[in-house]
Protein chains: 2
Amino acid sequence: MKRKDKNTEQVILQTARKIFIQKGLAGARMQDIADQAGFNKALVHYYFTSKDKLFDLVFEHEMSNLFSNLVAIMSADLPLFEKIENIVSLDIDRLTQFPGLPIFVLNEMSRNPDVILKRVKKIPVQKVMNGFQKQINSEIKKGTIKKITADQLFINIQSLCIFPFIARPMIKGLLQLDDKAYLAMIEKRKTEVFQSLVYQCH
Amino acid sequence: MKRKDKNTEQVILQTARKIFIQKGLAGARMQDIADQAGFNKALVHYYFTSKDKLFDLVFEHEMSNLFSNLVAIMSADLPLFEKIENIVSLDIDRLTQFPGLPIFVLNEMSRNPDVILKRVKKIPVQKVMNGFQKQINSEIKKGTIKKITADQLFINIQSLCIFPFIARPMIKGLLQLDDKAYLAMIEKRKTEVFQSLVYQCH
DNA sequence: TTAAATTTTAACCATTTGGTTAAAAATAAT
DNA sequence: ATTATTTTTAACCAAATGGTTAAAATTTAA
């Protein structure tokens with residue numbers, strides 16, 4: 001008879017997610033998580049055993065959130081530019097919905113690169129990158145795009161999509177943008193980034 | 001008679017810098033800073049009063065480190081593409097030398113955006129961006145480049161230069177690169193990024 | 001309805017943390 | 001050489017932290 005209350009568990013998880021994203025692993029407090037979830041701290045331990053275990057669950061989920069759709073789109077049987085357009089669009093939409101996600105994932109990754117590296121390696125990107133490279137090589141041969149590696153193109157796409165979310169305070173400060181102006185700039189990037197990528201390939 | 005030992009102060013500062021970059025504000029420990037500097041923890045307080053004060057000094061210096069040269073280059077009387085080439089080259093060289101810098105600065109910025117925003121606003125970028133926009137407009141009028149705003153071009157440049165450093169563990173994991181391959185990829189980006197930027201402008 | 005199992009709680013614990021105090025040690029001034 | 005000042009140290013402190021324990025409360029099974 002196993003009766004863990006799924007609702008309690010979920011409330012704690014969602015609260016933990018919010019606080020870990022705001023404060024990171026080192027800055028988050030189990031007491032705060034418990035308080036904001038509306039339960040007693042011992043209960044958090046009853047359900048999740050330890051802070052590290054709770055964090056692992058949250059992190060796994062957020063990393064998956066960051067990369068979800070990427071593999072699917074890159075595997076899809078689409079023309080190259082349509083594929084790029086979809087990646088850009090979905091990346092920016094995803095991150096507009098979860099703006100704190102990349103800095104959270106990448107910061108925790110930089111804290112503990114080896115442990116997390118093992119998890120990242122499980123994401124089946126290598127096979128997908130091989131297919132992507134073949135597609136790119138085919139387009140190069142056709143003369144439709146300049147010579148570029150799948151790796152560099154992938155990095156360019158992710159750089160142009162993700163960085164403005166990571167660097168939100170810096171960009172707002174340096175370019176003197178208020179929230180509204182910043183969000184307008186992000187929205188504009190859906191087409192700007194895709195256009196940039198098209199131009200640099202042609 | 002003021003006799004703070006400059007060497008002691010510097011040793012503590014450099015040690016603090018290293019540990020704050022590794023662990024962040026929340027994760028760094030004053031005892032660790034003292035131990036690694038080779039002094040007693042009370043001494044760290046004697047010189048720097050508190051953890052927050054010490055962190056502020058370190059952060060101010062690192063933020064300046066990240067943005068130094070940027071304003072100078074953007075103000076320089078150089079042709080547009082030469083200017084872009086210099087920004088890219090110096091950015092990548094700087095970050096190759098201090099690879100943990102951007103994730104440190106941007107992560108702490110995301111923790112405390114309002115406080116840090118005031119500091120960022122003091123960097124005289126707005127005037128420089130105006131000049132940059134004028135230069136871009138002039139090139140657009142001449143027909144040498146496509147229509148783009150200084151803001152978006154600036155964001156593209158910084159995205160393409162900085163993101164691969166922030167996302168080091170992710171890139172290594174996803175693309176199955178060892179350290180050597182990663183560094184080779186970074187070195188290659190000096191020309192790749194510049195070329196990409198040129199293509200997207202033309 | 002009672003007993004068993006599970007969830008939730010309040011209280012507690014050992015350790016860690018940033019910071020303080022006062023004295024010892026070192027340096028500078030007279 | 002002595003005194004004054006500054007630096008450095010060891011010891012200490014209160015609060016915070018992640019985690020544990022045992023009992024109360026609730027739910028489920030018989």
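Letters A, B, ... mirror the listed sequences (proteins, then strands); counts begin at 1. Just so it is clear, the values below take in all heavy atoms, side chains as well, and ignore hydrogens, waters and symmetry mates.
- When the side-chain contact (heavy atoms from CB on, under 4.5 Å) test is applied to A:E85, the partners found at least two apart in sequence or on another chain are A:F194.
- Separating the OH atom of A:Y46 from the C1' atom of C:dA10 is a distance of 17 Å, rounded to the nearest angstrom.
- Remark: A:T49 is not in phosphate contact with D:dG19, judged by side-chain N or O atoms under 4.0 Å from OP1 or OP2.
- Residues passing the side-chain hydrogen bond (donor to acceptor under 3.5 Å, both in side chains) test with B:N112: none are found, sequence neighbours excluded.
- If you measure from atom CG of A:L43 to atom C1' of C:dA10, you get 13 Å, rounded to the nearest angstrom.
- Distance from the side chain of B:Y47 is smallest for D:dT8 among the nucleotides D:dT8, D:dG19, C:dT7.
- Residues B:Q31 and B:D35 have side chains that bring a donor and an acceptor to within less than 3.5 angstrom of each other.
- For residues 105-140 of chain B, there are no ring-ring contact (aromatic ring centres under 6.0 Å, His included) pairs, not counting sequence neighbours.
- As rounded to whole Å, 4 Å separates atom P of D:dG18 from atom NZ of A:K51.
- When rounded to the nearest whole Å, the span between NZ of A:K41 and P of C:dC12 equals 14 Å.
- Contacts between residues 13-33 of chain A and DNA chain C, defined by a heavy-atom separation under 4.0 Å, are absent.
- Note: A:F104 and A:F20 fail the aromatic proximity criterion, with ring centroids not under 6.0 Å apart.
- Ion pair B:D151/A:R189 not flagged as a salt bridge, since none of the NZ, NE, NH1 or NH2 atoms sits closer than 4.0 Å to an Asp/Glu carboxylate oxygen.
- Look at NZ on B:K53: it is 16 Å from P on C:dG18, rounded to the nearest Å.
- Among residues at least two apart or in separate chains, side-chain hydrogen bond (donor to acceptor under 3.5 Å, both in side chains) pairs with a member in residues 68-79 of chain A are A:S68-A:R94.
- A donor-acceptor pair shorter than 3.5 Å can be found between the side chains of A:N137 and A:Q133.
- With rounding to whole Å, B:N40 atom CG is found 16 Å from C:dA23 atom P.
- The separation between B:H45 atom NE2 and C:dG18 atom P is 7 Å, rounded to whole Å.
- Open room surrounds NZ on A:K23; 12 or fewer heavy atoms of other groups in view lie less than 6.0 Å from it.
- In this structure, CZ of A:F55 is placed 13 Å from P of D:dG18, rounded to the nearest angstrom.
- Using five terminal pairs a side, the axes of the helix from C:dT1-D:dA30 to C:dT30-D:dA1 at its two ends make an angle of 10°, given in steps of 10 degrees.
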